[in-house]
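As structure tokens, the structure follows; a few thoughts come after it.
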Number of protein chains: 2
Amino acid sequence: MGKQVTEMLKGVLEGIVLAILSGRPAHGYEITAWLRDQGFSDIAEGTIYALLIRIEQRGLVDVEKVPSEKGPPRKVYSLNAQGRAYLEEFWRTWSFLTERLEQLHERGN
Amino acid sequence: MGKQVTEMLKGVLEGIVLAILSGRPAHGYEITAWLRDQGFSDIAEGTIYALLIRIEQRGLVDVEKVPSEKGPPRKVYSLNAQGRAYLEEFWRTWSFLTERLEQLHERGN
DNA sequence: CCCATCTATTTAGTGTTGCTAGGTACCAGT
DNA sequence: ACTGGTACCTAGCAACACTAAATAGATGGG
């Protein structure tokens, strides 16, 4: 994809990851793979790990270290209460944006 | 609004302004006022002017200086062919994003 | 045994973008 | 002269995603 996606992802990627975690706990490698699967073909691995550390430091997720059979131990992240609240706020903000843009798009303004 | 909007606007605000200009030529002050009207209550004026200069340098818009009765001359921006192509690409990228997020939101994933 | 490969995470440095917080300038009304 | 509305510009900052590495454990092939 292009530079447009990269810029649009700013602020949105965080919501995406939180949304994923709201369904089930997951670790970084898993999330990256899932995103690639969903068509986010060139989200850098480093980006996800950095993002996870960020939301951890903000207290939106809890972390647990879990041994893996296939490699180094995994850091499994799960959404906590604060994260859930933040995610709700994210969806409200997102709805606001999509509504404005839909109006702009439809009336070819 | 909050920091969430600020981050989400990155990359999107540019599309919004181009979409506005696709309807009719406009100048910076006008665009800022319109955005505030639409609920983007705290988009800084400086942001819009900087953005306009950016898209001008990228060759997405044409500019014409028009005298105003009420103040300094206006710089009226209008979308050109290249800008129109870029805007279409923006809408495609935006659709991609909204589809993924809608899926995430609906299945409360 | 060594190397490639997959799993899994980390980090330093870069570019783009929106915000802060000013400033300049023109004009009308008081 | 002063205020307020119109109209634009700029320097410095913070946040975020990307680049491009490095580290490290496990497994299988040559």
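To find a chain, count down the sequence lines: A is the first, B the second, and so on, and within it residues start at 1. Excluded from the calculations below are hydrogen atoms, water molecules and symmetry mates; all remaining heavy atoms, backbone and side chain alike, are included.
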Item checked: Side chain A:Y86, main chain A:G15, donor-acceptor under 3.5 Å -> no
Notebook entry, point to check: Between A:K10 and A:E45, which is nearer to the 5' end of DNA chain C once each is assigned its nearest nucleotide?
Noted result: A:E45
Check: From the list D:dT19, C:dG18, C:dT17, which nucleotide is the closest neighbour of the side chain of B:T47?
Finding: C:dG18
Item checked: B:R74 side chain near C:dC26 phosphate (N/O to OP1/OP2, under 4.0 Å) -> no
Next item on the list: Side chain of A:E14 only, please: which of C:dA8, C:dG18, D:dC16 is the nearest?
Entry: D:dC16
Next item on the list: Find the distance B:E69:CD to C:dA25:P and express it as a whole number of Å.
Entry: 21 Å
Next item on the list: Whole angstrom is fine here: how far is it from CG in A:L51 over to P in D:dA15?
Entry: 14 Å
Notebook entry, point to check: For the pair made of NZ in A:K65 and P in C:dA8, what is the distance, rounded to whole Å?
Noted result: 14 Å
Margin query: Strictly below 4.0 Å: does A:Y49 bring a side-chain N or O up to OP1 or OP2 of C:dT10?
Written below: no
Margin query: What is the separation between atom OH on B:Y29 and atom C1' on C:dC27, rounded to the nearest whole Å?
Written below: 13 Å
Check: To the nearest Å, how far apart are B:I43 CD1 and C:dT17 C1'?
Finding: 13 Å
Next item on the list: Starting from C1' on C:dT16, measure out to CD1 on B:I55 and report it in whole angstrom.
Entry: 15 Å
Item checked: Given DNA chain C, 5'-ward residue of the pair B:G46 and B:R58, judged by closest heavy atom -> B:R58
Note to self: From CD1 of B:I31 over to P of D:dT6, roughly how many Å is that when rounded to an integer?
What the structure shows: 16 Å
Next item on the list: From the options C:dT10, C:dT7, C:dG18, select the nucleotide whose nearest atom is closest to the side chain of A:P72.
Entry: C:dT7
Check: Looking at the side chain of B:L13, which of C:dT17, C:dG18, C:dT7 is the nearest nucleotide?
Finding: C:dG18
Next item on the list: Before giving the answer on salt bridge (Lys or Arg N to Asp or Glu O under 4.0 Å), spell out for B:R54 and B:E14 the whole-Å C-alpha distance, their side-chain angles and the decisive distance to 0.1 Å.
Entry: CA-CA 9 Å; B:R54 219 162 57 221; B:E14 190 176 285; 3.7 Å; yes
Item checked: Rounded distance (Å) that lies between atom P of C:dT17 and atom CG of B:L52 -> 13 Å
Item checked: Selected nucleotide, minimal atom distance to B:I53 side chain, candidates D:dC8, D:dT10, C:dA8 -> D:dT10
Notebook entry, point to check: With respect to the phosphate group of D:dA17, does any side-chain polar atom (N or O) of A:K3 fall under 4.0 Å of OP1 or OP2?
Noted result: no
Notebook entry, point to check: Is the shortest side-chain N/O distance from A:S68 to OP1 or OP2 of C:dT7 below 4.0 Å?
Noted result: no
